[in-house]
Amino acid sequence: MSKGPQRIRGTQDIWGEAADRFQAVVTAFERVRRLYGFRRVEMPVFEATEVFARSIGETTDIVSKEMYSFEDRGGDRLTLRPEFTAGLCRAYLSEGWQQLAPLKVATHGPVFRYERPQKGRYRQFHQLDAEIIGSEEPMADVELLVLAHQLLDELGITEGVTLQLNTLGDAATREAWRAALVTHFEGHRRELSDESLVRLAKNPMRILDSKDPRDRPAADSAPDIDSFLTPDARAFFDKVTAGLDAAGVPWQRNSRLVRGLDYYRHTAFEFVTDRLGAQGAVIAGGRYDGLVEALGGPPTPAVGWAAGIERLAMLTDPTNAQAPEIVVVPDQPDLEPDASRALSMLRKAGIRADMAFKGNAKRRVELARKADADAVLFIRHEGEDAYGPYGRLHLMHLRGSDEARHELSTRVLLPLHREFGGIRGR
RNA sequence: GCGAUCGUAGCUCAGCUGGUUAGAGCAUCGGUUUGUGGUACCGAGGGUCGCGGGUUCAAGUCCCGUCGAUCGCCCCA
């Protein structure tokens, strides 16, 4: 073990292929959000603690234990963003974005949560985020879900990922359902786990998605929200599902899918996989009509989702590493400047080319093979051998079909032949 | 906050029931050999066996603590 500074718990140094996958996720997201007309926004990494505390609820464990909060030199209480939504709502209010409603925005970047790391869960991780603020229409929910589905499709990971959908109803629905759940679980007190007894007092809906097998009978027999839905809430959910069907997005009703916080209304959804250990959700979101109000703004309907970039990246196939097409090797040390010149010309011509910083020709060829290059371009002095005189370039192909080799030779020769003459390869 | 498992060279790991100077592969560096050339050969550097106690004639190996990692629980914005 080397001493010296170590990586902070829950942070990651993303490198090489994993970094390529990460970037592929971001690139796909940027492409798709443009297709759907979501404006790009860049948000601060920290906000006044109040922004998150008020939106999430002052008393919850989240605020008291799971945020990176600190006091700056001026004595202000600040918090590293644990999500994008609250900050976006703050900007919606403080920057006059209300005039832009309905506002479709997308962003991505690091977020911070002070939690125990486990598979697919870090203290600094990265999210994609898409929100529609200021629309109460179910079509807004549909648009976000279709966007999410197209993103997964473009990443090639719709296989094994299912959209689970539920409704939490409007305020009246939610109230009635919650009361019915409390009554139900009170009647099954002695079957519940200790943890669920705590949930019963603090957050009874959470018993529904408990993983503890002891809770399942009571949770599975609990009343569904459906019989409590007001006509409006029912109509809203029907429009969402009809919109998904029309767009060809497959979904599954999960009547046990709930949200921890009170500001959620109507639509709740998660795109879920079983390939990421205990952390199954890759995209999660819903309608949060109560949030802007909690921040002190006017009642404002809004819906959105966030996705973990690392988790999505873990599901994608390895991207082909961009191995160099050409590795340039000077045959003799005095040819180094010529090799540098050729290298630069190849790169300007758009060819992925590389060259070792040092080493003899043999060593460099070994490195070229390890780098999985398509071909090695030797730079040498003019000379003559048993086959006759030869020029300054020699291209040695390491892979590829005859056609591919020929095509590469042509592309390499084009930018070089004026200065270096022709290629004689074998 | 809780639990399980793990912690030996830069990386991946061997080290049997505790027994002499702690090993391999890869990587790094040096050299040999070879026809413009792949995986060949020789050699070198690099480890207070996470850290701290304890048991023992003797601990990488057993016990306790501590720190860290992984996975899970809680929580999940």
Side-chain angles (χ1 to χ4, degrees), chain A residues 1-4 6-12 15 47 51-57 60-68 79-89 111-122 125 127 129 131 193-196 198-199 202-203 205-206 209-213 257-264 268 270 276-281 284-286 288 291 294 304-306 308 327 329-332 358-373 375-380 383 385-387 390 393-399 423-426:
Chain A
M1 297 293 108
S2 79
K3 4 188 202 311
Q6 297 294 305
R7 182 165 48 80
I8 299 299
R9 168 180 293 193
T11 63
Q12 22 176 8
W15 177 86
E47 297 273 355
V51 169
F52 306 111
R54 285 175 66 174
S55 68
I56 290 165
T60 59
D61 280 9
I62 293 174
V63 171
S64 57
K65 307 183 117 173
E66 308 203 0
M67 299 200 309
Y68 273 96
T79 295
L80 298 182
R81 65 182 179 208
E83 58 159 354
F84 282 104
T85 309
L88 284 166
C89 289
V111 294
F112 305 84
R113 299 181 180 181
Y114 193 85
E115 299 182 294
R116 247 349 233 271
Q118 61 190 71
K119 189 174 181 65
R121 196 170 190 178
Y122 305 94
F125 63 109
Q127 284 190 333
D129 188 274
E131 314 277 350
S193 64
D194 291 346
E195 277 152 359
S196 282
V198 175
R199 292 186 183 112
K202 290 170 64 175
N203 200 351
M205 283 187 202
R206 275 284 167 193
D209 60 0
S210 169
K211 291 172 185 166
D212 193 318
L257 178 65
V258 294
R259 290 276 102 113
L261 302 177
D262 289 337
Y263 55 66
Y264 283 102
E270 290 179 3
L276 292 179
Q279 307 302 322
Y288 50 94
L291 199 161
W305 56 250
V327 168
V329 174
D331 224 7
Q332 307 293 333
K358 64 166 193 168
N360 61 25
K362 174 189 166 59
R363 173 71 178 148
R364 291 176 189 232
V365 171
E366 279 177 27
L367 291 174
R369 288 184 188 280
K370 280 183 188 168
D372 212 22
V376 171
L377 179 68
F378 293 96
I379 307 295
R380 57 188 181 180
D385 62 14
Y387 301 90
Y390 55 76
L393 303 178
H394 174 78
L395 191 63
M396 179 176 73
H397 290 280
L398 300 177
R399 57 190 301 149
I423 287 179
R424 192 183 92 192
R426 290 188 185 152

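In what follows, every chain begins at residue 1, and chains take the letters A, B, ... in the order their sequences are listed.
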Under 6.0 Å from the OH atom of A:Y114, do we count more than 12 heavy atoms belonging to anything else shown? no
Reading nucleotides 71-77 of chain B 5' to 3', which nucleotides get B (base under 4.0 Å from a protein heavy atom), which S (sugar-phosphate only), which -? SBBBBBB
Could you tell me how far B:rC62 sits from B:rG43 if I compare only their C1' atoms? Round to whole Å. 39 Å
B:rU48 and B:rC41: how far apart are their P atoms, nearest whole angstrom? 31 Å
Taking CD from A:E366 and C1' from B:rA40, how many angstroms apart are they, rounded to a whole number? 10 Å
Mate of B:rU17 across any strand shown (Watson-Crick or G-U wobble, both atom pairs under 3.5 Å) is none
The side-chain contact (heavy atoms from CB on, under 4.5 Å) partners of A:K362 (sequence neighbours excluded) come to A:N360, A:E366
Between A:Y264 and A:Y288, how do the two ring planes meet: parallel, tilted or perpendicular, split at 30° and 60°? perpendicular
Step by step, would you call A:R116 with A:R9 a side-chain contact (heavy atoms from CB on, under 4.5 Å)? CA-CA 9 Å; A:R116 247 349 233 271; A:R9 168 180 293 193; 3.8 Å; yes
May I have the distance from A:Y122 (atom OH) to B:rA69 (atom P), rounded to whole angstrom? 12 Å
Do the side chain of A:R380 and the base of B:rU36 come within less than 3.5 angstrom through a donor-acceptor pair of N or O atoms? yes
P atoms of B:rG60 and B:rG52, separation to the nearest Å: 13 Å
Heavy-atom distance under 4.5 Å between the side chains of A:V51 and A:R81, does that happen here? no
Could you give the distance separating B:rC29 and B:rU34 at their P atoms, to the nearest angstrom? 23 Å
Is the closest side-chain heavy-atom distance between A:V327 and A:R364 below 4.5 Å? no
Using atom P of each nucleotide, how far apart are B:rG50 and B:rA22 to the nearest Å? 15 Å
With rounding to whole Å, what would you report as the distance between B:rG15 and B:rU20 at their C1' atoms? 15 Å
Backbone N or O of A:G285 within a donor-acceptor pair of the A:R259 side chain at under 3.5 Å? yes
Atom P, compared across B:rG46 and B:rC6: separation rounded to whole Å: 32 Å
Does any nucleotide pair with B:rU34 by Watson-Crick or G-U wobble geometry, both distances under 3.5 Å, and what is it? none
Counting only Watson-Crick pairs (N1-N3 plus N6-O4 or O6-N4) and G-U wobbles (N1-O2, O6-N3), all under 3.5 Å, who is the partner of B:rG3? B:rC71
Using a 4.0 Å cut-off on protein heavy atoms (strictly under), produce a 5'-to-3' string for nucleotides 24-33 of chain B with B for base contact, S for backbone-only sugar-phosphate contact, and - for none. ---SSS---B
Report the base-pairing partner of B:rA9 (Watson-Crick or G-U wobble, both distances below 3.5 angstrom), or none. none
For B:rA44, what is the paired nucleotide under Watson-Crick or G-U wobble rules, both distances under 3.5 Å? B:rU28
List the steps and the verdict of side-chain contact (heavy atoms from CB on, under 4.5 Å) for A:R113 and A:E66. CA-CA 6 Å; A:R113 299 181 180 181; A:E66 308 203 0; 5.7 Å; no
What integer number of Å spans the P atoms of B:rG47 and B:rC64? 31 Å
Rounding to a whole Å, what distance do you find between A:L398:CG and B:rU36:P? 15 Å
Checking the side chain of A:N203 only, and the main-chain atoms of A:G260 only, is there a donor and an acceptor separated by less than 3.5 Å? yes
Base-pairing mate for B:rA58 - Watson-Crick or G-U, with both contacts under 3.5 Å: none
Between A:Y122 and A:T11, does the side-chain contact (heavy atoms from CB on, under 4.5 Å) criterion hold? Intermediate values first, please. CA-CA 6 Å; A:Y122 305 94; A:T11 63; over 6 Å; no
